Every structure is written in structure tokens, then in C-alpha cells.
There are 2 protein chains.
Amino acid sequence: MLKKRITLKDIARETGVHVSTVSRALDPVERKNITEEVVKRIQAAADALGYRPNRIAAGLRTNRTMSVGVMIPDITNLIFPPILRGIESVLEPLGYASIIVNTDSDRDREVRLIDVLRDRGVDGIIHAAVLRSDPSIAKAAQDGLPVVTLNRKVEFSDIPYVINDEDAGICQMLRHLRELGHERVAHIAGPQDLSTGQLRLAAFRNAADDLSVAVDEELIVTATRFDEQEGGRCLAALLSSGKAFTAVLCANDRLALGAIEALRERGIDCPRQVSVTGFNDMPLLELIRPKLTTVRIQQHGAGRAAANILLRLMNAETPSVDLETVLPVELVVRESTAPAPRLPLFPRPLS
Amino acid sequence: MLKKRITLKDIARETGVHVSTVSRALDPVERKNITEEVVKRIQAAADALGYRPNRIAAGLRTNRTMSVGVMIPDITNLIFPPILRGIESVLEPLGYASIIVNTDSDRDREVRLIDVLRDRGVDGIIHAAVLRSDPSIAKAAQDGLPVVTLNRKVEFSDIPYVINDEDAGICQMLRHLRELGHERVAHIAGPQDLSTGQLRLAAFRNAADDLSVAVDEELIVTATRFDEQEGGRCLAALLSSGKAFTAVLCANDRLALGAIEALRERGIDCPRQVSVTGFNDMPLLELIRPKLTTVRIQQHGAGRAAANILLRLMNAETPSVDLETVLPVELVVRESTAPAPRLPLFPRPLS
DNA sequence: CTGAAAGCGCTAACAA
DNA sequence: TTGTTAGCGCTTTCAG
């Protein structure tokens, strides 16, 4: 049996004033219009009875639930927990709760979950899902619900977004490889239906162009998922292309780890024979040998940034937030990159 | 400007019936008491207008928000995301949303967050925080709020809990080491204010007793956190004890990884010279060399189990759930354990 | 400064 | 089978 909760009415009865007075006395803003002595009496009674405001009831009345929805593809993906902590670090102290949902990058699920969140009356949504286009979130925004996207932008909309400077990251990495003397750099690209996969491939082409590195289309191979297995498969594909390369720039860390593993299986040493680079700087990378050279993106910071933008959207009547927030990235040079070998070891007969 | 939502009243106006009729027609249970034709008309109008029920309002009326609170120490800890997915996998299809909060294993935060969740009217709480005692969650349970704890039990209470069979895991691991010929097994224990730390240490003593392995108190050293750094520090402490050992059974994977790293730094080979074992089988372990021998616990399964128990607690008037659910664990033998060297390499002069 | 009253959107007795 | 009514707990006009 759920114990009855203390309500404003209980306090009103206890103190002999009207509920509306109690409501005012307990509201830090309205409190100033109440006699100090009365406020004190009410406060005391509230404390004594262990009063806790019912946010559901307040929400019904005010149309503000003090909760936000957070949509991510999959919480077990290592990059998302820090993002969530970042979001929480700004929202929680202000009294917001987050309802977190996993989309599994499934479009149907995504539209359904948006409805789920709206049904619960969230005051806003942070949308870190990564499908490249989705009308559902745009519709929610059009209906006036504050929305911020993370890691991606919704095309043809004025939904604010927070992204990491992928372009700069890829470019810095390619430059790093160039400085080590790598002339023939392969790219293992991510899934092209995910924004990061597509952005990083485009960035790779741009960077190559800027640095006057020739791009050999046969040295670009696209993974179907961001995981080690695909990294291994793509590396095998690169090898069997018969084209020479001395470095592999991968679209994320897991692809890179898979690639290094595949090299090892074939007796090819990273970084002595082939340099491999990642992207994201996911946790635990320090524990894996060779320590991966990668690009660190701000995960916690991205969460914070998105939350701050959402706050402004939710609270200001005239939002006036920047449409675009680009967070700087940082090159992290570790052990998986080394000077290019004098002679590329490929092509060579494969066992 | 938030676009006005369609309410029951709108549908009632549209179809010329009373709101309560609309409410019934849209409720799968009550629907059977309404003329089929009317139901159809109402359903059509609801669809046409894009009606979405307001769960806040319903919750206020029914005292059920269809949301549950989930308390964990820290979402960035690798073991929790799978647990959350497990919870979600049973609750989400039934229409429940989860409000996830991070306690950071801080007692004050923990009591505050329980209030936060109750203020939001959650129908129940799954509590995976790991402080060994806390009256706050017990109080919530006493007030009639359905509560299930995960990975730990609240002493002197009838709160149902789900735990992994730590005892069996530790025992199997110790037996595995014994079978490899290890006679002198050290233990790096986890923080003793966390239930897992304490349980596993107790299990280690029990197992040693059962298997007639002598326990040398100097070969038990306690970490202050479950991380690699502490694993390293504890290993150093073991070495400087001057006592011989050929294997280190660690209270979790991260401690084990830190220990192996510390061995490597000293030029000691794992597993040839010293075997090291972990606990949890956290993700990505396959990528780290030597691949860690560990005990796999059911994370997803634990989440599911806890959610199912909570469901029964929330829905049955006569709960009748088992107080204790113990999930089986599985020994995962990989590469960090090997036959004991003929002669223990310690003690020996330390550089 | 405080009280009265209305109402957020929905559900659930009770009536018809 | 449907309508009427009341009310969940709170905020917020409007009076006094």
C-alpha cells in the first residue's frame, strides 16, 4: 500500500491558511508577497510533515515537466555515457530529469520514441541519433518543442546543432601522417548512412585535396558498421586490392583496432610497417597495444554544450542561440603511427 | 510557441460524444463497453487529429506515471550500460520510461536523488548503487514504493535483490588456478565500502577455505577504487611484501588490467611468470593482450531480472516475489592464466 | 497580503 | 451503452 503523500492541502489544514497561500509561500519567487511570519510557519509545517511537491500535478498545470528527453543510438556505445554525463552536469543541478532512450539507429523506433517523449511532456529533446535525415524530429521542432541535435545537423531546418570539428580532426591526422612521410594513405570509412561516417569520408577527401595528397579510390573502403570486425574486413579488402599503402586512417577507433588486429594476424607490424589511426579517443585505449594514435573529441563537453543550448531554447522567449556549435578536437599521438617505411610493403604476395 | 496539443475534449467536440466516452473508446480495456461504430468514429477522429494521450494528466489521476527510476553509480562505468539495456528491454515494450540517475556512490546524492525520483512520481525504483548500507532506499520501500536492488542487498529489509553468484565465480576461478598448479594466490580486493568489493573478498576467503588453500593475509591487498591505477598500486604492494605468489586473483577486470600493466613495467610476464584473473568480463576485453581470464557475469540478464521483479511488485496486489535472485556466472578462460612456474619468481630483489 | 475559484487533461464512480 | 460529475495536486487569475 502506497503511503499517502503530504500535499499542499495537508499543510494548509495544519497551518490554518489557504492552499494557495501555502503554494505561494513555498515558491521562492512568490514568497516575497507573503508575510514573513506566515512563510516561516508554513515552511516549518512543510518540513515537519515531510512535504515533497508533486511535480506531476505542477506539470499538468504549468505545462512544464522539468524533464528533457535524450535520444541516443545505443548507450552501450562507449562514446555516449560521457555525453550523457555532460548533459546531466548542467541539467540536473537545475532540477531537470532526463529520460534517455536508445534508438538503435532504427528509423521507426526513432519516430516512436519521439512520441513517447512528447507524451511524457518533456520540455525539450536532445537528439544524438545519427541517421542522416529524419523528418520526425524536424516535425517536433516545428511544433514548437525545443530540440538540439548532437553530432549531426538536420538538413533544411533551423534546429541548433552541436558537432565536433571532424574536418579539422581528419585534416590534422592526415597532416601528421604526411609529416611522418606517408604518401599513400588508405581510409577505412564508416557507414555512409551515419552522419559521422559520411562527414569523415568527405573530410578525408577535402584534407587530401588541401594537403595535395593523391586519393586512390581503391584505397578507400567503407565499413558497414563501426566495429572491430568491419575494421578487419576492410583492412583485408585493402590488402587484396594490391595497391600500395603505408598508413590507414580509420573513421573511428574501433575500426582502427580491428584493422591493427587484422594486420597482426597477417604478421604485419603496426606501426613499423603500417601506421593506423583512429578517431574519438574512446576510453580504455591506453590499455590496448599499440596505443592508438587518434583524434580526441569532446564528449562531455558536447553534452554540456547541447544542454546549455537546450536550456536557452526552453527558457528564453526569444531564443537567439547560435544555429551551429563546433567544438574543437585534439590530435592525440600515441604509438600506432611511425615514420613511413622506406619501401611500402605492399603489394606483395599474400599467403 | 508550443503548438496546442489535441486533447480528448477536441475529439469529443469533433465526434459529438462526451469526453468520457472518448476516453473509454481509446482505452483498450474499456473499449469493449462501447458500441463498435462509435469506437470506430472516435478512433478515426483521433487519428485524423493526431491525438496523443497526455500521460502527465493520466498520471495525476491514476497515480501511475508509467515511469521507473533507475539509480546507478556512474553510467560511464562499463558494466552499467548493458544493465540498463536489459532493464529497458523488458520495461520499454510495456510503455514504461526510465529516469536514470547517477549517484557517483555519494550518499548525500543518493538520498537526494531518491527524492527527485519520488517527486516525479516514479512507479518504482531499481537501485544498482553499491554503497553497502543506506536507509534512504529502505525508507522509500517502507513507504510502499516498489524497489528492487541490483548487485547488493539492503540488510534487514525485505527488498528483493538480484545478484550475481559472486561466490561461485570466485570459487571457480580459484579452482581454475589450483588446477594450473598455483599454490600461492594473492588477492587484490575491491573497496570494502562497496558491496562487490566486500562480497568478493569474503568469497575469496571462503573459496580458499573450501579448496584448502592457505590464505596469507599479506597477500591480500585492498584497492580504494575499482580502477587500473589502483590495480597497479596494489600489485606493487604485493611485490614489496616480499611474499611469494604465482597468481593474482583480482576483484574486477580493471584491477586486473592495472596489475598486468604493472607487471609488464617491471619486466614480469603475465601469464608465464604470474597469472592474473579478473571479474565481470567487461566489454573490449578481447582487444587487450594478454586476453584476460575472468568471470562473466550477466549484465543484461541482471537488468532484465530486476525489471521483471519490479514489474511484479508494481502490478500484483499480492507481490509474491522471491526475495533473492542469484544469477549464474561463467568462468571465461583466456590467456592471462597459465600453469604455475616451477619456482615462484618472488620474492626476489626489486630494482 | 490572503482567500476563493477555476482549471490543466484525464479517469472513474455513479446515474441515466 | 453513454453522460454526468467529481477530483487527482497544483498554479494562477481575480477579488477582497
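Here is the naming used below: chain letters follow the sequence lines, and residue numbers restart at 1 for every chain. Only this structure's heavy atoms are used, side chains among them; waters, hydrogens and symmetry mates stay out. Keep in mind it's a predicted model, so treat the numbers as computed, not measured.
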(message) salt bridge (Lys or Arg N to Asp or Glu O under 4.0 Å), that's the test. Do B/Asp104 and A/Arg85 meet it? Break it down for me.
(response) CA-CA 11 Å; B/Asp104 289 320; A/Arg85 292 301 306 243; 2.9 Å; yes
(message) If I take atom CG from residue B/Leu323 and atom NZ from residue B/Lys153, how far apart are they, to the nearest 0.5 angstrom?
(response) 8.5 Å
(request) Quick one: pull up CG in A/Asn77 and OG in A/Ser105 and give me the separation to the nearest 0.5 Å. (result) 9.0 Å
(message) Using a strict heavy-atom distance below 4.0 Å, which residues from residues 37-50 of chain A are in contact with DNA chain C?
(response) A/Val38
(message) Reading DNA chain C from 5' to 3', where do the contacts with chain A start and stop? Cut-off is 4.0 Å to heavy atoms.
(response) C/dC1 to C/dG9
(request) Kindly check if the number of other-residue, nucleotide or ligand heavy atoms within 6.0 Å of CD (B/Glu324) is above 12? (result) yes
(message) Without decimals, in angstroms, what is the distance between A/Asn33 CG and D/dT12 P?
(response) 13 Å
(message) For a quick check, with a 4.0 angstrom heavy-atom cut-off, what is the B/S/- contact string for nucleotides 5-11 of chain D, read 5' to 3'?
(response) BBBBBBB
(request) Specify the closest pair of heavy atoms between B/Gly121 and B/Thr65, including all atoms of both residues, with the distance to one decimal. (result) O-OG1, 2.7 Å
(request) Would you name the heavy atoms of B/Arg64 and B/Asn315 that are closest together and state the gap between them? (result) NH2-OD1, 2.8 Å
(request) Evaluate the side-chain contact (heavy atoms from CB on, under 4.5 Å) criterion for residues A/Ile114 and A/Leu145: first the C-alpha distance (whole Å), next the side-chain angles of each, then the deciding distance (0.1 Å), finally the verdict. (result) CA-CA 11 Å; A/Ile114 289 177; A/Leu145 191 67; 5.8 Å; no
(request) Test B/Val68 against B/Met314 for side-chain contact (heavy atoms from CB on, under 4.5 Å), laying out the working first. (result) CA-CA 10 Å; B/Val68 304; B/Met314 293 189 301; 4.0 Å; yes
(message) What I want to find out is whether A/Asp10 reaches A/Arg13 closely enough, with some N-O distance under 4.0 Å, to be called a salt bridge.
(response) yes
(message) Taking the basic N atoms (NZ, or NE/NH1/NH2) and the acidic carboxylate oxygens, is any pair closer than 4.0 Å for B/Asp115 and B/Arg112?
(response) no
